[in-house]
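Notes follow the structure.
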Amino acid sequence: QVLLVQSGGGLVQAGGSLRLSCASSGRTISTYAMAWFRQAPGKEREFVATISYNGGSTGYAESVKGRFTISRDNAKNTVFLQMNSLKPEDTAIYSCAARRSTAKSTSVYDYDYWGQGTQVTVSS
């Protein structure tokens, strides 16, 4: 069983940075693709970033490209999302997800395990 536990997040001013972490406390995630999604109030959950099982391939939503970086440390069973140059429109609940596949995906329906979600609020 994969249990994803998130940390990080919080309140930051526009232009600031935050780092989110997502650690598996159960089965290793070293053979799983991982991703981050977010959901703002009144909106559907949307894709943010994804990474293949070994970190060799990544993908980003256009809205965060060049500002966010997804990475992973398989030795520590952890995935990260570094968020720089944050904007008020980045405000949302961010969730990590694991896919029982080595290949990354941008679709929410392809992911099998989810973290508990963490609030990110960017003030203007």
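Contact check for V2 versus I29: side-chain heavy atoms found under the 4.5 Å cut-off. Side chains of S95 and Q6 form a contact here, defined as non-hydrogen atoms less than 4.5 Å apart. Inter-residue side-chain proximity for Y94 and V48 is flagged as met; some heavy-atom pair is nearer than 4.5 Å. Using a 4.5 Å heavy-atom threshold, the side chains of V108 and Q39 count as separate. Counting heavy atoms from C-beta outward, R67 and K87 have side chains that approach closer than 4.5 Å. Side-chain atoms of Y113 and Y32, non-hydrogen and from C-beta on, do get closer than 4.5 Å to each other. Residues R27 and L3 have side chains not in contact (no heavy-atom distance under 4.5 Å, counting atoms from C-beta outward).
When every heavy atom of L18 is checked against every heavy atom of L86, the shortest pair comes out as N-CD1, 3.8 Å. Contact detail for S57 and K104: the closest heavy-atom pair is OG-NZ, 2.5 Å. Pairing each heavy atom of R100 with each of D112, the nearest pair is N-OD2, 2.8 Å. Between G55 and R72, the shortest heavy-atom contact is N-CD, 3.8 Å. A pairwise comparison of heavy atoms in S124 and P88 identifies CB-CG, 3.8 Å as the closest pair. Closest of all the heavy-atom pairs between R38 and S63 is NH2-OG, 3.5 Å.
Seen from the ring of W114, R45 counts as a face-on cation partner, given the 6.0 Å and 45° thresholds.
Under the 4.5 Å side-chain contact rule for hydrophobic residues, Y53 and Y60 do not share a cluster. No path of Ile, Leu, Val, Met, Phe, Trp and Tyr side chains, each step under 4.5 Å between heavy atoms, connects M83 with I93, placing them in separate hydrophobic clusters. When the side chains of ILVMFWY residues are joined at heavy-atom separations under 4.5 Å, either directly or via intervening members, V79 and F47 end up in two distinct hydrophobic clusters.
Here the OG1-CD distance, from T106 to E46, works out to 12.0 Å after rounding to the nearest 0.5 Å. Rounded to the nearest 0.5 angstrom, C22 SG and L4 CG are separated by 4.5 Å. Atom OG1 in T91 sits 8.5 Å away from atom CG in L11 (nearest 0.5 Å). Between atom CG of residue D110 and atom OG of residue S101 there is a gap of 8.0 Å, rounded to the nearest 0.5 Å. Here the CD1 atom belonging to I51 is positioned 6.0 Å from the OG atom belonging to S71, to the nearest 0.5 angstrom.
Listed by chain and number, the residues in a side chain to side chain contact (heavy atoms under 4.5 Å, CB included) with S17 are Q82, N84 (sequence neighbours excluded). Not counting sequence neighbours, the partners of Y111 by the ring pair (Phe, Tyr, Trp, His ring centres under 6.0 Å) test are F37. Listed by chain and residue number, T78 satisfy the side chain to side chain contact (heavy atoms under 4.5 Å, CB included) test with A23 (two or more places apart in sequence, or in another chain).
Judged by distance alone, the side chain of T50 and the main-chain N or O of M34 form a donor-acceptor pair under 3.5 Å.
Annotation: F80, atom CZ; neighbour count of heavy atoms from other residues, nucleotides and ligands within 6.0 Å is above 12.
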Go through the steps for T118 and Q116 under the test side chain to side chain donor-acceptor pair (under 3.5 Å), then give the verdict. CA-CA 7 Å; T118 187; Q116 81 277 19; over 6 Å; no
Check against side chain to side chain donor-acceptor pair (under 3.5 Å), T28 and S30: CA-CA 6 Å; T28 177; S30 61; 3.1 Å; yes
Go through the steps to decide whether S52 and N54 satisfy the test side chain to side chain donor-acceptor pair (under 3.5 Å), and finish with yes or no. CA-CA 6 Å; S52 60; N54 62 356; 3.2 Å; yes
